[in-house]
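Here is the structure we will look at, set down as structure tokens.
Values below: every heavy atom of this structure, side chains too, minus hydrogens, waters and symmetry copies.
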Amino acid sequence: MADSWSSFLTESNAQFDAAGLSRRRGGDRSVSAVDFGSNDYLGLRNHKMVLQAVEETLANGGWGSGASPVLGGHGSRHADLEDRLAALCGSESALVFTSGFACNAGTLACLAGEHDAVYSDQLNHASLIDGCRLSRARKMVYPHGDVDYLRNSLQSQRHGFGKVLVVTESIFSMDGDAGPLRELVELAQQYDCGLVVDEAHATGVYGQRGSGLLEEMDLDRSVFLKLGTLCKALGGVGGYACGPQDLVQFLVDRCRSYLFSTAPPAASMAGSLAAIELMQGMAEQRRTL
């Protein structure tokens with residue numbers, strides 16, 4: 001390793017460690033205890049029906065998908081899961097990604113261009129922040145949940161841009177509070193903006209079917225794009241985007257994190273399908289949670 005890089009890494013790691021910021025991987029989750037470090041909110045990652053669906057698919061087709069979704073990696077299990085997610089979210093169509101991060105960063109980077117603007121909540125997840133940065137749009141961060149600030153900014157600046165996205169989480173990943181979704185829907189409609197809502201931490205937790213806070217507030221059909229993950233309450237791996245058919249086709253044609261990633265394994269898709277079916281009947285578990 002080059003001396004300059006070796007010194008840089010040694011010094012940087014020492015600084016993080018001294019500040020108590022150095023991260024540790026792993027941990028034994030085999031013990032019988034309540035795991036407060038997990039995002040497996042409903043305990044589905046070890047559910048026998050989820051494991052059975054994975055095992056049956058593996059027995060019939062092996063593990064990896066073998067290609068990008070547009071080069072043969074997208075199979076019947078992927079299509080079934082996307083149809084199921086679209087129905088769950090009240091959308092026309094859905095698209096499954098290899099991870100939630102790839103989904104969030106890729107979709108935002110793809111949708112906004114140099115003559116556009118993206119308004120992002122101050123406490124949005126890192127994947128949303130990076131997606132805004134990767135886009136060529138004008139990036140404006142508004143104070144957390146501050147509808148008045150956002151309204152004033154749109155009123156004074158909206159005319160200067162072509163397309164505008166407003167990006168928020170429904171349940172925020174670090175503080176656990178809810179975004180002002182109803183007010184954001186009204187602003188998006190008033191100022192012709194595309195409202196993007198990340199439901200990663202609300203899926204499985206809110207709504208009669210467990211699809212998220214948008215469902216609970218009867219706003220499913222009021223947003224431009226709904227983002228979510230398969231790897232928290234659904235206990236699997238991957239991310240998804242739900243919206244109009246034209247929007248999903250746009251992503252299939254242009255989203256680099258989708259086009260240039262190998263499709264997730266079919267067995268993983270089967271596990272998520274089983275988890276969705278189970279999740280919808282877990283209203284009592286949601287109340288307990």
Side-chain angles (χ1 to χ4, degrees), residues 89 91-93 95 97 100-175 177-200 212-214 217 219-228 239 241-259:
C89 296
S91 302
E92 289 181 356
S93 189
L95 197 63
F97 289 74
F101 203 108
C103 174
N104 289 2
T107 53
L108 293 178
C110 170
L111 287 170
E114 60 183 339
H115 301 298
D116 306 325
V118 178
Y119 286 85
S120 177
D121 189 286
Q122 186 179 15
L123 295 187
N124 275 341
H125 189 267
S127 57
L128 300 171
I129 293 171
D130 284 0
C132 294
R133 288 172 175 170
L134 287 168
S135 77
R136 294 169 295 160
R138 170 82 176 275
K139 294 167 283 294
M140 287 175 279
V141 178
Y142 62 90
H144 178 51
D146 194 332
V147 176
D148 290 335
Y149 182 99
L150 180 59
R151 180 184 293 107
N152 291 336
S153 184
L154 287 170
Q155 188 175 33
S156 62
Q157 300 187 60
R158 173 64 184 91
H159 66 277
F161 304 105
K163 303 184 301 299
V164 173
L165 294 176
V166 175
V167 184
T168 184
E169 298 183 48
S170 58
I171 299 297
F172 282 83
S173 56
M174 298 306 293
D175 290 10
D177 59 338
L181 298 184
R182 203 172 300 283
E183 293 88 344
L184 292 178
V185 165
E186 292 173 358
L187 279 181
Q189 293 173 347
Q190 181 179 357
Y191 290 99
D192 187 26
C193 304
L195 178 58
V196 181
V197 178
D198 180 7
E199 291 257 62
L213 190 58
L214 287 170
M217 298 180 69
L219 294 173
D220 263 345
R221 300 180 185 277
S222 301
V223 301
F224 174 61
L225 178 63
K226 177 176 177 178
L227 304 173
C242 292
Q245 176 61 47
D246 284 348
L247 171 56
V248 170
Q249 185 60 50
F250 183 94
L251 295 175
V252 170
D253 290 337
R254 296 171 174 83
C255 184
R256 293 168 70 84
S257 63
Y258 180 78
L259 285 165

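In this structure, L214 and V197 have side chains that are in contact, with non-hydrogen atoms separated by less than 4.5 Å. Put simply, the side chain of Y149 does not reach to within 4.5 Å of the side chain of L154, judged on heavy atoms. A 4.5 Å side-chain heavy-atom check between L150 and L184 finds at least one atom pair inside the cut-off.
Put simply, the side chain of E199 gets close to the backbone of L213: a donor and an acceptor are under 3.5 Å apart. Remark: the backbone N or O of G243 is not paired with any side-chain donor or acceptor of E92 at under 3.5 angstrom. The backbone N or O of F101 lies less than 3.5 Å from no partner atom in the side chain of N104, so there is not a single donor-acceptor pair. With N124 contributing its side chain and V167 its backbone, the two residues share a donor-acceptor pair below 3.5 Å. A donor-acceptor pair under 3.5 Å is absent between the side-chain atoms of Q245 and the main chain of Q249, judged by distance alone. Listed for the D116 side chain is no donor-acceptor partner under 3.5 Å among the backbone atoms of A112.
For the atom pair CG of L128 and CG of L165, the computed distance is 11.0 Å after rounding to the nearest 0.5 Å. Atom-to-atom distance recorded for R138:CZ and H115:NE2 is 14.5 Å, nearest 0.5 angstrom.
Nearest heavy atom pair, residue P143 against residue D121, reads O-OD2, 4.4 Å. Listed here is the closest heavy atom pair of F172 and L123: CD2-O, 3.5 Å. Across every non-hydrogen atom of K163 and R158, the tightest pair is CA-NH2, 4.4 Å. When all heavy atoms are compared, the tightest approach of D220 to C89 is CG-O, 3.4 Å. Scanning all heavy atoms of the two residues, the minimum distance from E169 to H125 falls at OE2-N, 2.7 Å.
The side chain to side chain donor-acceptor pair (under 3.5 Å) pairs that include a residue from residues 183-196 number zero, where partners must be two or more places apart or lie in different chains.
Side-chain contact, S153 with Y119: a donor N or O sits under 3.5 Å from an acceptor N or O. For the 3.5 Å distance criterion, the side chains of H144 and D177 qualify, holding a donor opposite an acceptor.
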Q: Carefully, step by step, assess F97 and Y258 under the rule ring pair (Phe, Tyr, Trp, His ring centres under 6.0 Å).
A: CA-CA 6 Å; F97 289 74; Y258 180 78; 5.5 Å; yes
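D246 pairs by the salt bridge (charged side-chain N to carboxylate O under 4.0 Å, His left out) definition with nothing, not counting sequence neighbours.
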